[in-house]
Amino acid sequence: MPRRADHLPGNRYGNRPTMKDVAARAGVGLKTVSRVVNEEPGVTPETERRVQEAIDALGFRRNDSARVLRKGRTASIGLVLEDLADPFYGPLSRAVEEVARAHGALLINGSSAEDPDRERELVLALCARRVDGLVVIPAGDDHRYLEPELKAGVATVFVDRPAGRIDADVVLSDSFGGARDGVVHLLAHGHRRIGFIGDMPRIHTAAERLRGYRAAMEDAGIRVADDWMSLGVTDPERVRRAAEEMLAAPEPVTAIFTGNNRVTVTVVRVLAGHPRGVALVGFDDIELADLLSPGVTVVAQDAAALGRTAAERLFRQLDGTLLTPERVELPTRLITRGSGELPPAG
């Protein structure tokens, strides 16, 4: 009668193999296994080979818990995003991960879904798991809940939007300057009735892009009508309605500046069915923007540079070489593809 599988030698279903198991299989002492696992000297090549074969056969993985307790570091960082599904955050997250990997750290990420309560819950959950640092794209505007964690040594860098009511490192794109440049571009092509459709005004980037839009219009001596501006959730229905109202007004806008990639996508769909040409410049690049007809002119921010810069600052905090919180602002870039160069319809 065959023996039960759970009695077979080496079968430890539900249990991780230990260094004791490796030592028994290789016929060596625990200290020898420890030296091989931790890459310490004092082991002959033949013995190291036997230990490594035992490790491979058993699928042994080092348990870092004790090392964490000794060093006070977990070699992990947390990344809190607004929306994991937003294409803007893909290159940002990848850049943070690459920097973390270069420093031998694991990245754990999650989404706040633009909910301040969920952001706080996620951040504190990561802190409870003893991450060494945090990269946060904030949803809320009050981050005093993080003060005990900062005092305890949790390195923190905010990205895309500054922290609220605490002094912390932040890495931003120049939302004000980028929006102003985009609207100036439309003005240079003859437009005077330019609409702005953006995100919720409580969001730092939305407010800064609205400010850039207003500054460009004011510098051009143009009084902005109330119905040329629409801020709110980026829900496609809300954005579609705002665009259609601007285009159907007694004096319709001849151009639209959109405040982020999600708004731009909806407005592109609205303009595709519009009988007259309407110029468009969007903040953030969008996928396939160069393949549309006309291509979509955008104010592009470098999401990867945002993530990389934030992560590098985080590890400088952890290394003790960055002590004073700073605000770092990265430039944007206007990419002309056709939609922003259309003249006002006659």
Side-chain angles (χ1 to χ4, degrees), residues 81-93 111-116 118-119 137-140 160-161 173 175 178-179 182-183 186 191 193-210 212-213 224-249 252-301 303 332 335 337-340 342 345:
L81 301 167
E82 175 202 344
D83 182 358
L84 290 169
D86 189 327
F88 173 75
Y89 294 118
L92 188 153
S93 176
S111 170
S112 69
E114 202 62 73
D115 181 342
R118 184 166 169 177
E119 174 213 299
I137 296 167
D160 195 43
R161 311 163 189 173
S173 291
S175 286
V183 177
L186 290 168
H191 296 278
R193 298 195 302 274
I194 302 171
F196 174 84
I197 305 177
D199 209 332
M200 293 179 288
R202 68 172 178 80
I203 298 174
H204 172 80
T205 49
E208 285 294 283
R209 291 166 197 175
L210 174 63
Y213 160 81
V224 176
D226 290 341
D227 58 2
W228 292 359
M229 298 176 292
S230 177
L231 282 85
V233 295
T234 56
D235 174 75
E237 180 59 28
R238 199 281 301 180
V239 173
R240 181 191 62 77
R241 186 167 58 250
E244 289 177 347
E245 288 174 356
M246 290 181 186
L247 295 170
V253 299
T254 63
I256 297 176
F257 182 79
T258 52
N260 65 32
N261 55 357
R262 285 164 291 185
V263 176
T264 303
V265 169
T266 300
V267 172
V268 165
R269 292 192 172 110
V270 172
L271 297 183
H274 197 67
R276 59 184 173 83
V278 176
L280 171 66
V281 175
F283 204 107
D284 290 336
D285 209 350
I286 60 172
E287 191 174 6
L288 306 182
D290 57 330
L291 299 182
L292 297 172
S293 183
V296 182
T297 296
V298 298
V299 175
Q301 44 181 339
T332 57
I335 303 175
R337 297 191 178 112
S339 71
L342 294 174

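What you are looking at is a predicted structure, and each value in this text was computed from that prediction instead of being measured. FYI, the numbering just counts along the sequence from 1.
- With sequence neighbours excluded, the residues forming a side-chain hydrogen bond (donor to acceptor under 3.5 Å, both in side chains) with Thr264 are Thr258, listed by chain and number.
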Evaluate the criterion side-chain contact (heavy atoms from CB on, under 4.5 Å) for residue pair Leu231 and Leu210; output intermediate values, then yes/no.
-> CA-CA 9 Å; Leu231 282 85; Leu210 174 63; 4.0 Å; yes

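- Summarising the geometry, atom CD belonging to Glu244 is positioned 10.0 Å from atom NE2 belonging to His274; distances are rounded to the nearest 0.5 Å.
- Of the possible polar contacts, none joining the Arg337 side chain to the Gly295 backbone as a donor-acceptor pair under 3.5 Å is found.
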Start with the C-alpha gap between Val224 and Tyr213, add the side-chain angles, then the distance that decides, and say whether side-chain contact (heavy atoms from CB on, under 4.5 Å) holds.
-> CA-CA 10 Å; Val224 176; Tyr213 160 81; 3.5 Å; yes

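- More than 12 heavy atoms of other residues, nucleotides or ligands shown are found within 6.0 angstrom of CZ on Arg202.
- Listed by chain and residue number, nothing satisfies the side-chain hydrogen bond (donor to acceptor under 3.5 Å, both in side chains) test with Thr205 (two or more places apart in sequence, or in another chain).
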Please step through side-chain contact (heavy atoms from CB on, under 4.5 Å) for the pair Leu271 and Leu280, ending with a clear verdict.
-> CA-CA 9 Å; Leu271 297 183; Leu280 171 66; 4.0 Å; yes

Should Leu342 and Thr254 be marked as a side-chain contact (heavy atoms from CB on, under 4.5 Å) after you check the CA-CA gap, both sets of side-chain angles, and the distance that decides it?
-> CA-CA 9 Å; Leu342 294 174; Thr254 63; over 6 Å; no

Between Arg161 and Glu114, is a salt bridge (charged side-chain N to carboxylate O under 4.0 Å, His left out) present by the stated rule, with each step listed?
-> CA-CA 12 Å; Arg161 311 163 189 173; Glu114 202 62 73; 2.9 Å; yes

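- The CZ atom of Phe283 sits 10.5 Å away from the CG atom of Asn261 when rounded to the nearest 0.5 Å.
- Although no hydrogens or angles enter the test, the distance criterion places no donor-acceptor pair under 3.5 Å between the side chain of Ser175 and the main chain of Arg209.
- Here Glu208 pairs with Arg211 under the side-chain hydrogen bond (donor to acceptor under 3.5 Å, both in side chains) rule; sequence neighbours left out.
- For Tyr89, the ring-ring contact (aromatic ring centres under 6.0 Å, His included) test picks out no residue, with sequence neighbours left out.
- Between Asp284 and Arg262, the closest side-chain pair of non-hydrogen atoms is not below 4.5 Å.
- Among residues two or more places apart in sequence or in another chain, the side-chain contact (heavy atoms from CB on, under 4.5 Å) test is passed with Asp115 by Asp117, Arg118.
- Between atom CG of residue Leu247 and atom CZ of residue Arg276 there is a gap of 6.0 Å, rounded to the nearest 0.5 Å.
- Looking only at atom types and distance, the side chain of Glu119 has no donor-acceptor partner in the side chain of Ser112 under 3.5 Å away.
- A 4.5 Å side-chain heavy-atom check between Gln301 and Asp160 finds at least one atom pair inside the cut-off.
- Ring geometry for Phe257 versus Phe196: interplanar angle under 30°, hence parallel rather than tilted (30 to 60°).
- Here the side chains of Val270 and Val239 are not in contact, with every heavy-atom distance at 4.5 Å or above.
- With sequence neighbours excluded, the residues forming a side-chain hydrogen bond (donor to acceptor under 3.5 Å, both in side chains) with Arg238 are Ser230, listed by chain and number.
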